[in-house]
Amino acid sequence: MFNKIKVLFVEDDPEQVFLFSKFFDLRGLLTMPATTGDEVFKVISWDKPDIVLLDVLLRNENGLDIMEKLKKDSRVEGVPFFVFTNTDKKEYRDRAKKLGADDYIIKANTTPQEMVERIKKFVEDRNVA
Amino acid sequence: MTILLLGFFVLFSGFKKTANRLYFLSIVGFLIWMISDYLSFSSTSSADIMLIERIATLGIFGPMFVAMFIYVFPEDRPLNKKVVAMLFLPIVPFIVALPTKYVVSSMTPAPECDTVTGIFYWYLAALTLYYIVFIVITFFKKIKTLKENFKKQLILFILGTTIFLFLAMFLAIVAAIYAAYSLVILAPFSVVIFAGFCAYAIVKYQAFNLKILAAQMLVVSLMILIGSQLFFITNPINRVLTIITLFIAAVFGWWLVNSVKKEVKQKEALEFANEELKRMDQVKNEFINIASHQLRTPVTVIKGTIAMLIDGTMDSFDAETKKKFYEGASLKCKKLEDVINDILSATSLTNKKFNAMDTEVEKINIQEFFTKMIDGFKPETMEREIELSLGKLDEAVPEIFGQKQYLEEVFSNLITNAIKYTPSPKQTPDVRDARNGKATITISSKKEKDDVIFSVKDNGIGIPTEAIPGLFQKFARAKNAVDMYTDGTGLGLFIVREIVEGHGGKVWVKSELGKGSEFFVQLPIKPTGKVDIKQYIEERAELKL
């Protein structure tokens, strides 16, 4: 049976959650949304994602802090990370790189269509390799 | 001797500065103590020695002046009467008691130097400790308020040496009481260290003045050199020539010192401008960072929605989902508009800090003003089921004078915030935590002397205590991811503050997390007996700026 790519989508802006998750699901991905760090850990206790899309500026917390914790969590070992944000600070880019992010994508510079292609390609290439 | 020179050096390097004078006086105080202590060891007459020992205790003025010095330096804070009284009055009983046997009752000359000390010698030790406590407290207050690291380092530097000095002095006093003179030896060392380090700190802080001093010294020594020739010259022609030379040297010297002064001033101005530029650059970078984030977020949604329309994806959704997409895009358009307006507003305000002088003030009827404003918010408040109403307006103040369009911006910003942070029962949980009970926002006014205090009170989510101090600063919220997430630019309250202060008023907030917030705007009304309201507001605005 065909397995859908599971995307853990960490984002707290409701309009963006709606836009991307609806579109991703339509195009054959399975979106697992989370708006806070706590929710992220709840989600990964249910299922292991194939990729994580992570916003940086969340309410009350920094997405990179969540990523740092996730990197130490055995339940998501080897799962790729895309930092998916609209903030473009060198400080954040450097930290993301140091934490081993696979990409740093500015949301406004892409479209939902492009993101689906990117995610599919990245996950499939990885599985082949 | 060196210490005295240092004292003079610092004194003359900034004669008009209180800090420099206080430093000099403290040095004099310590010198009195040291020199008389030294004399007491070499004097043989018992009566002399008593007198000298008594004079030595006047060295307590040293610590007193140091305490004042620490209070003043480095930000050049004016000494107020309260502080002077606090520091000086405790010395008074001591001075009164000085001639009596309660300070020094008897003393034998060297080599024994046995001093019999009175009860007031203990008082002297206590005074020293009192000044230490004062200095340490002042220091901690200062560390909190001083922003520049450099100043902090300086004051820390001085603190260290001062405590060392005072402890040495304290020890010396106690040693005198117990006749343990080997301890006294530490005291002169500590004075030298204190004097040296403080002089360094002061001169370093006012570094540019050194150049002026050097030029002045050069000119003065040149004049002395030329002038001294007059004593040796017998030939009248040579004498006239020398006088002319002296005159030329004086003019030249005056010109030299002045030009150095000018250069130093220019340099200082340049340094200041440079600092300001650096700060502005930082603000600008921060601004670009925030602005770009705030502009990109709505663009993301609008762009994504349109992309789905173009490629036909939208057709695969049902009508309700489609509607939600369009509403989302529309909401983001509104946000984009708000962000752009906020940025424009904030930049025009900071280009030249807003000030009520620029345009006319007009009479504003308070009741009318708010009724109209509340009507303007009807669509939003109805949609979100929030009750926005006019509470108690103080009848003593039916109208105020101000710049209407700006004051409208103030209150509409405050009301917008209140609406934004007061969740309505209608809201879905994924937007904001649903809150039980009715959502209300109330506007009221109260007279307070020549001012009126307006209040915009909501029962919304409240503001975390730690976020309150920086709330009115430009982009202050930006540093805080909580506030940044929300849709504003972090400029709204900054704009509010600028306008209110431009009117000569002030703005503050009381808030409890989870319970709600109350924003206060204090504005001047009509002063009794004064007709020229415009000038009144102008004056107040000027005072503030």
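Lettering follows sequence order; numbering is per chain, from 1.
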- Message: Sub-4.5 Å heavy-atom contacts with chain A: which residues of residues 312-320 of chain B show up?
- Response: Thr313(B), Ser316(B), Phe317(B)
- Message: Let me confirm one number: the OG1-CD distance from Thr87(A) to Gln294(B), rounded to the nearest 0.5 Å.
- Response: 9.5 Å
- Task: Check whether more than 12 heavy atoms from other residues, nucleotides or ligands sit under 6.0 Å from atom NZ of Lys22(A), and answer yes or no.
- Result: no
- Select all residues of residues 101-112 of chain A having any heavy atom within less than 4.5 Å of some heavy atom of chain B, and report them by number, or 'none'. Ile106(A), Lys107(A), Ala108(A), Asn109(A), Thr110(A), Thr111(A), Pro112(A)
- Message: Taking Asp311(B) first and then Arg27(A), would you say they form a salt bridge - that is, a charged N and a carboxylate O separated by under 4.0 Å?
- Response: yes
- For atom NZ of Lys457(B), is the number of surrounding heavy atoms from other residues, nucleotides or ligands below 6.0 Å larger than 12? no
- Item | Proximity of residues 74-84 of chain A to chain B, residues having a non-hydrogen atom under 4.5 angstrom | none
- Nearest heavy-atom neighbours spanning Thr300(B) and Gln16(A): CG2-OE1, 4.3 Å
- Verify side-chain contact (heavy atoms from CB on, under 4.5 Å) between Gln113(A) and Ile310(B), making sure each step is shown before the conclusion. CA-CA 11 Å; Gln113(A) 289 90 334; Ile310(B) 290 172; over 6 Å; no
- Message: side-chain contact (heavy atoms from CB on, under 4.5 Å), that's the test. Do Asp88(A) and His293(B) meet it? Break it down for me.
- Response: CA-CA 8 Å; Asp88(A) 193 3; His293(B) 178 265; over 6 Å; no
- Query: Excluding sequence neighbours, so at least two apart, what forms side chain to side chain donor-acceptor pair (under 3.5 Å) with Lys323(B)?
  - Reply: Glu327(B)
- Task: First locate atom CG of Asp55(A), then atom OG1 of Thr297(B), and finally report the distance between them rounded to the nearest 0.5 Å.
- Result: 7.5 Å
- Toward chain B, the part of Leu26(A) with a non-hydrogen atom under 4.5 Å: side chain
- Minimum-distance pair of heavy atoms, taken over all atoms of Glu15(A) and Leu331(B): OE2-CD2, 2.8 Å
- Message: Return the NZ to CZ distance between Lys324(B) and Phe18(A), rounded to the nearest 0.5 Å.
- Response: 4.5 Å
